[in-house]
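Have a look at the structure below, then the notes.
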4 protein chains.
Amino acid sequence: MAEKMRAIIKAGRTPGLEMVLRDIPRPGPREVLIEVKAMSICGTDLHIYAWDPWARERIRPPIIVGHEFCGTVVERGADVTEVEVGAYVSAESHITCGQCRQCRTGRRHLCQNTQIIGVDRDGCFAEYVVLPVENIWINPPDMPPELASLQENFGNAVHTAFATDVSARNVLITGCGPVGLMTIAVVRAAGARIIFATDISSYRLELARRMGADYALNVAEVDVVDFVRSHTDGEGVDVLLEMSGAAAAIDQGFRALADGGEAAILGLPSAPVPFDLANHVVFKGAIVYGIVGRRIWDTWYRIRGLLSSGAVDLAPIITHRFPMDQFEEAIRVMRSGQSGKIVLFPDTSDL
Amino acid sequence: MAEKMRAIIKAGRTPGLEMVLRDIPRPGPREVLIEVKAMSICGTDLHIYAWDPWARERIRPPIIVGHEFCGTVVERGADVTEVEVGAYVSAESHITCGQCRQCRTGRRHLCQNTQIIGVDRDGCFAEYVVLPVENIWINPPDMPPELASLQENFGNAVHTAFATDVSARNVLITGCGPVGLMTIAVVRAAGARIIFATDISSYRLELARRMGADYALNVAEVDVVDFVRSHTDGEGVDVLLEMSGAAAAIDQGFRALADGGEAAILGLPSAPVPFDLANHVVFKGAIVYGIVGRRIWDTWYRIRGLLSSGAVDLAPIITHRFPMDQFEEAIRVMRSGQSGKIVLFPDTSDL
Amino acid sequence: MAEKMRAIIKAGRTPGLEMVLRDIPRPGPREVLIEVKAMSICGTDLHIYAWDPWARERIRPPIIVGHEFCGTVVERGADVTEVEVGAYVSAESHITCGQCRQCRTGRRHLCQNTQIIGVDRDGCFAEYVVLPVENIWINPPDMPPELASLQENFGNAVHTAFATDVSARNVLITGCGPVGLMTIAVVRAAGARIIFATDISSYRLELARRMGADYALNVAEVDVVDFVRSHTDGEGVDVLLEMSGAAAAIDQGFRALADGGEAAILGLPSAPVPFDLANHVVFKGAIVYGIVGRRIWDTWYRIRGLLSSGAVDLAPIITHRFPMDQFEEAIRVMRSGQSGKIVLFPDTSDL
Amino acid sequence: MAEKMRAIIKAGRTPGLEMVLRDIPRPGPREVLIEVKAMSICGTDLHIYAWDPWARERIRPPIIVGHEFCGTVVERGADVTEVEVGAYVSAESHITCGQCRQCRTGRRHLCQNTQIIGVDRDGCFAEYVVLPVENIWINPPDMPPELASLQENFGNAVHTAFATDVSARNVLITGCGPVGLMTIAVVRAAGARIIFATDISSYRLELARRMGADYALNVAEVDVVDFVRSHTDGEGVDVLLEMSGAAAAIDQGFRALADGGEAAILGLPSAPVPFDLANHVVFKGAIVYGIVGRRIWDTWYRIRGLLSSGAVDLAPIITHRFPMDQFEEAIRVMRSGQSGKIVLFPDTSDL
């Protein structure tokens, strides 16, 4: 094994990312070292690249970025027994303390001391990454690497969709970024009745149709609330899955929601939004679920179930593949909005 | 309108059914009169035909049998406003009191004073049937009559499947009679991972495969518990849906159930069965749901959702169609076990 | 029986209420006529009195106001069988259509065509009131009338508290108006751990302590979030029950809520409020329940359970009793904020 | 610290227990050594003493018995940081693997590789005991040792009661052994309406009344089903909590259960029982929960909530205290049935 590795880092407190050589990390007693085979880009990585207010507040450079990946275990710490060297793995990106009340009551996704790789400590946009064995998920050997890498992000979609009860029900998904698109696929797989999806990008709305939306609506062109009401006998949707973080979409979504409906919210408004709590929640008798991360490991078992049965096919959402060295170009495409998920490969022969 | 109608009745306290002419009934103030277009045969009708111990205890001849049907409203009582003459309808077969605690708390399927049509009062195996307007479900105009008739029975499958959480999970369905077969379709539509189905009839197991079972197992040939464990990495199934009422199937089903799993039971053992409560329920930390009828009307809205979206296709299960006059032949086929659902038509031009 | 009755009405589109003589109404076929024994004043009545923007929008004078009461059935319509003349009753004030989707799926409290007595049709601040038999609740014969009258409003508290899981958990109740005070009693009865209550009125905070709050905090004097955190080992509360409708209280409440906590909201902000959806709901993984009315009749069975067992004692909250003729004085006291619930009696010998 | 300690062991494959001197164990890297202050006797200990079929199958002598206790941490392993030496602690007695599916999805109580102290490895009926730090629960400093010791067993009661929804509802508890008695207290604390309790021992029924049962019924003297029905307006109980494992009690309990009711079962029949699945579960639309152990740590947080608020007072159930050296006498009393919980103290000055 080499001593140095390529790694994509945020070097300083300015926009951009750069590729550098770093020492390959060594695993601690309960950690494993993984050789990365594929890595996928998340919206979070774009925030870090752009060095937006959230990134300035949260990120402490220098740090290796990235939190979606798959790879092969090449070394394990002295106290690791449950994963073999050679195992083909992905990982839960939230490293949790195991000692707070949330961790101790089966809610590790709400850990009071979470560290996210690529955000709070070195991430996976590198040839190698070290992780606690508690964060390792073993993949089926025949899973394509680009799909294996996507699972972490897919888990956000799975977590959101299954917080509510979508089978045989009408569902509105506001926001067709990659997670919204994957959510459409989950909801379709779960036997939803009518799926409405909204966005402002015609590129993404076309992907939404491919992922299974019955109606992919451009909010610049269609009155979403009217459209939904008129296509549901006036009932509105039973379920709102909010993936955009946009105040207007949140408001539209709740207005389209039937009385007694459920809303799961993954999208993050960047600031407090005016919210019509009385009409959107109280009078409606609505139930609203805040969604963060993935339930560990319940969501991952669901991921496994949906992918291994073929109920969900994520292939259409992977629109671009690049060598890791071309990460600048990959980020440029991702920022253009003209993409689904983009996957990078350290080894160009895997492309 | 004629004054007499053909009706299939249990005339006396002996096996068999017969067709007779009866006066067409008149609707009360809150009732509607429906001209029947299609009627489907249920296992309950076979019990009444055979005059088995349950039938002897429950049925008070003479009575028109049958409780699955669809048709057209041809007359309505003075106080009916919510359904039009000409409406194309099916019906909830359980007539409930509206005044018991269960009715008053959203659990009409558990009404303390339920009357089932074709069991406790005249049923729908006739050219006309009268029902309270509270029991009427309006169908989409383009729904084929044989499918519209099936909805009541399909509702048992929908109620059972959605009592548990099957999406992305491994599911075992014990018993592949018509309701078991429809349950397979529901579970598939809801995005289950692996679906195991068991029966003793190769005819039914073949239908089980067509409805979406991954593994349709003949219990006479396969060790079900071993098979399930070995095809689920030793985990067992997350969900058991028991549709057979057979003591051996119940025992197998619970042994194949993972610790922490859920079981929904629709099948009715004809007598108390030896049941390993300690190992099947307590140590397993299992949750067991008893299922009766359909949730009124929540299950019907789910039925609508699954059928209108095309998530469930019930066509393969309708194996035979007969003119109403050939009901004896229809029952003979149904009793042979070499059938799925059988539909009768009063008007032979609808065949 | 007399032909005329005293009734408190909103006569025109101006502030105030007045007492007039009205014809005693006659019950329709499925209605009952009730002689009113006690009536209690709700915040809604104050809005109507004050003729605030909500009242101007909703109320169509002339109308008899009031929706909380108890009394005796003195006449019943031709088709009523389930309630006897002489029965001692209270009533669900929301008259529902029975035909919308919400009604048909066990969620009558979310009926799309609700009519509230005293708001959308004549109410109970009169010597007699007519109601559909479907809205009648039979009281235990020995229940004091002031308590029987209170049940409708108590139901809001019961519905709110049991939307969440309060037993053995830390709970914050924001707003100590009458419903907030009754909610404290429910939460105490359900075995909560620490109960925090907040308000701005020292009169109400004193009542909060009597109803069972461990800490009754004046938000003008105490930093509620700090106080809650420091009295819960930093955990925050597991449950927030919002009864004030005040933007500041909502914000405080959510900030005091533990990650993964539950919030039930009955309080109605009079306009959209700036709401930190990202931090209050999404990152927190919170579940938020909008609460309206009472679950019909599930909440009423709970009311019965809590009162008949003595688990909840509402006596301390009934601070004033007046003859019906002194309604102006009663409303003056109620508006002063120096009261709990106020009960009016048509017959002064019942005082 | 001494090198030897007193310990109560099952020495060989015959009835009885004996006290011996043993080496004080040493904690591993992630373990702590606890000096035991109080230990309480469970029914499981009696099974081991009696060397009944279950014990013969499960126990591998020689082994230190006992799994309920409290004490003080006197040494910790090299990798323990979260518990201090000197901490006053109790412990979850189920040592779980952390790697099976159940452990990984927040259901450690259903761990596929559970080891129970005093059953599968050395227990706590000794002056010292070693446990993984993951099993340690820190007690409030002022909690009496006999109460701190009881918490593990109290957790069975808490887990059972809160598997169902008892607030404001009618509840039947079948079996008034110590866990049944503690369950009565929990259900009372949670605001149940009427609590029925059954047993065959008048001693225990008297304790049941003290713990809060409204009706403590001797099944030898009272027809339980008739009694329950006649005291609930014919409705039956909403909740059955089965703590006896007796076939007759199980049958009675389910017959007394209202349609749509819930049953949680902790009692363990020693063999498969004839069970009327059709009438007890299916037609009833019942939900049945199998209960094992405690939810880790959710149940413990509930324990803390109920005890620290004073909602539950367990004092009446602790009927006897003995020096550890008199364990033979303690077991004799416990086996007589004339006791609640019995606590042993290694240090006689703590009595």
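Lettering of chains follows the sequences in order, A, B, ..., and the numbering in each one begins at 1.
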Bottom line for A/Ile287: the part with an atom under 4.5 Å from chain C's heavy atoms is both
So, the part of C/Ile291 with a heavy atom under 4.5 Å from chain A: the answer is backbone
Hits for side chain to side chain contact (heavy atoms under 4.5 Å, CB included) against C/Val281, two or more places apart or cross-chain, chain-then-number order -> A/Val288, C/Phe254, C/Phe275, C/Leu277, C/Val288
Answer key: most heavy-atom pairs under 4.5 Å with chain C among A/Ala258, A/Ala271, A/Pro274 is A/Pro274
Q. Does CD1 in C/Ile200 sit with more than 12 non-hydrogen atoms of other residues, nucleotides or ligands closer than 6.0 Å?
A. no
Applying a strict 4.5 Å limit to non-hydrogen atoms, the region of A/Leu266 in contact with chain C is backbone
Dump the table of donor-acceptor contacts under 3.5 Å between chain A and chain C, or return none if there are none.
from: A/Arg101; atom 1: NH1; to: C/Glu235; atom 2: OE1; distance (Å): 2.8
from: A/Arg101; atom 1: NH1; to: C/Asp238; atom 2: OD1; distance (Å): 2.8
from: A/Arg101; atom 1: NH2; to: C/Asp238; atom 2: OD1; distance (Å): 3.2
from: A/Gln102; atom 1: NE2; to: C/Asp259; atom 2: O; distance (Å): 2.9
from: A/Gln112; atom 1: NE2; to: C/Asp259; atom 2: OD2; distance (Å): 3.1
from: A/Glu235; atom 1: OE1; to: C/Arg101; atom 2: NH1; distance (Å): 2.8
from: A/Asp238; atom 1: OD1; to: C/Arg101; atom 2: NH1; distance (Å): 2.9
from: A/Asp238; atom 1: OD1; to: C/Arg101; atom 2: NH2; distance (Å): 3.2
from: A/Asp259; atom 1: O; to: C/Gln102; atom 2: NE2; distance (Å): 2.9
from: A/Asp259; atom 1: OD2; to: C/Gln112; atom 2: NE2; distance (Å): 3.1
from: A/Val273; atom 1: N; to: C/Phe275; atom 2: O; distance (Å): 3.1
from: A/Val273; atom 1: O; to: C/Phe275; atom 2: N; distance (Å): 2.8
from: A/Phe275; atom 1: N; to: C/Val273; atom 2: O; distance (Å): 2.8
from: A/Phe275; atom 1: O; to: C/Val273; atom 2: N; distance (Å): 3.1
from: A/Ala286; atom 1: O; to: C/Gly290; atom 2: N; distance (Å): 2.8
from: A/Val288; atom 1: N; to: C/Val288; atom 2: O; distance (Å): 2.7
from: A/Val288; atom 1: O; to: C/Val288; atom 2: N; distance (Å): 2.7
from: A/Gly290; atom 1: N; to: C/Ala286; atom 2: O; distance (Å): 2.8

Closest non-hydrogen atoms of C/Leu268 and A/Ala278, given as atom of the first, atom of the second and distance, are CD2-CB, 3.8 Å
